[in-house]
Amino acid sequence: VKSAVRQAREANVFLVFVVIDNPQNKDSILDIKVPVFKSGNQLPEIKPYMDYFPFPFYIILRDINSLPHVLCDALRQWFELVTAVDM
């Protein structure tokens, strides 16, 4: 996934990963933890999954009715990033 995201970025494709999350905040993607293994005989550390999420731009959406507004806002932020780089 990381190489595909990198290739898209190099091709100037703007990716936004939309996560449809639980509206009651129960069993949220933000609650998922992953083990991070270090070298040697050390015990793994437990870290939040989102710390290792492969997409640099993502939206965690709990209210599906706000999707159009949220996507418009993401697009506006992308234009701000693009114009800031061009300056």
Side-chain angles (χ1 to χ4, degrees):
V1 172
K2 289 182 181 182
S3 65
V5 170
R6 186 178 348 90
Q7 289 175 355
R9 190 177 331 141
E10 290 169 357
N12 293 322
V13 174
F14 179 60
L15 295 174
V16 176
F17 193 95
V18 179
V19 178
I20 309 297
D21 206 10
N22 190 334
Q24 285 83 29
N25 206 16
K26 180 182 177 191
D27 300 325
S28 170
I29 192 168
L30 298 173
D31 296 331
I32 297 174
K33 306 285 186 203
V34 294
V36 177
F37 295 93
K38 306 252 176 162
S39 62
N41 293 331
Q42 295 179 349
L43 292 174
E45 290 184 55
I46 304 300
K47 300 256 183 163
Y49 170 68
M50 294 307 290
D51 287 356
Y52 299 93
F53 197 65
F55 293 88
F57 301 103
Y58 60 88
I59 297 166
I60 299 175
L61 188 67
R62 291 195 173 101
D63 178 14
I64 194 71
N65 295 320
S66 65
L67 181 62
H69 174 73
V70 170
L71 288 178
C72 288
D73 194 40
L75 190 57
R76 179 190 54 78
Q77 290 177 25
W78 176 77
F79 279 119
E80 289 176 0
L81 283 172
V82 170
T83 56
V85 170
D86 289 342
M87 292 183 161

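- L61 approaches S66 most closely through the heavy-atom pair CD1-OG, 3.3 Å.
- Sorted by first and then second residue, the ring pair (Phe, Tyr, Trp, His ring centres under 6.0 Å) pairs with a member in residues 4-30 read F14-F57, F14-W78, F17-F53, F17-F55; sequence neighbours excluded.
- A single hydrophobic cluster is seen to contain both F79 and L81, as judged by linkage of ILVMFWY side chains at heavy-atom distances under 4.5 Å, directly or through other members.
- Hydrophobic clustering of Ile, Leu, Val, Met, Phe, Trp and Tyr side chains at less than 4.5 Å, counting indirect connections, keeps V13 apart from L75.
- D31 and D27 get closest at one heavy-atom pair: OD2-N, 3.9 Å.
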Practice prompt. Could you walk me through whether V34 and D51 pass side chain to side chain contact (heavy atoms under 4.5 Å, CB included), step by step?
Written response: CA-CA 9 Å; V34 294; D51 287 356; over 6 Å; no
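- Here I29 pairs with V19, D21, I32, Y49, M50, I60 under the side chain to side chain contact (heavy atoms under 4.5 Å, CB included) rule; sequence neighbours left out.
- Every pair tested for ring pair (Phe, Tyr, Trp, His ring centres under 6.0 Å) that includes a residue from residues 28-48 fails, sequence neighbours excluded, so the list is empty.
- You'll find the side chain of V70 stays beyond 4.5 Å of the side chain of V18, heavy atoms only.
- Remark: D73 pairs with R76 by the salt bridge (charged side-chain N to carboxylate O under 4.0 Å, His left out) rule, at least two apart or across chains.
- Scanning for side chain to side chain contact (heavy atoms under 4.5 Å, CB included) contacts around K38 gives Q42, E45, with sequence neighbours left out.
- For the pair L71 and I59, the minimum side-chain heavy-atom distance is below 4.5 Å.
- Side-chain contact check for P48 versus L30: every heavy-atom pair is 4.5 Å or farther apart.
- In this structure, K26 has no side-chain hydrogen bond (donor to acceptor under 3.5 Å, both in side chains) partners at least two apart in sequence or on a different chain.
- The shortest side-chain heavy-atom distance between P44 and V36 does not fall under the 4.5 Å cut-off.
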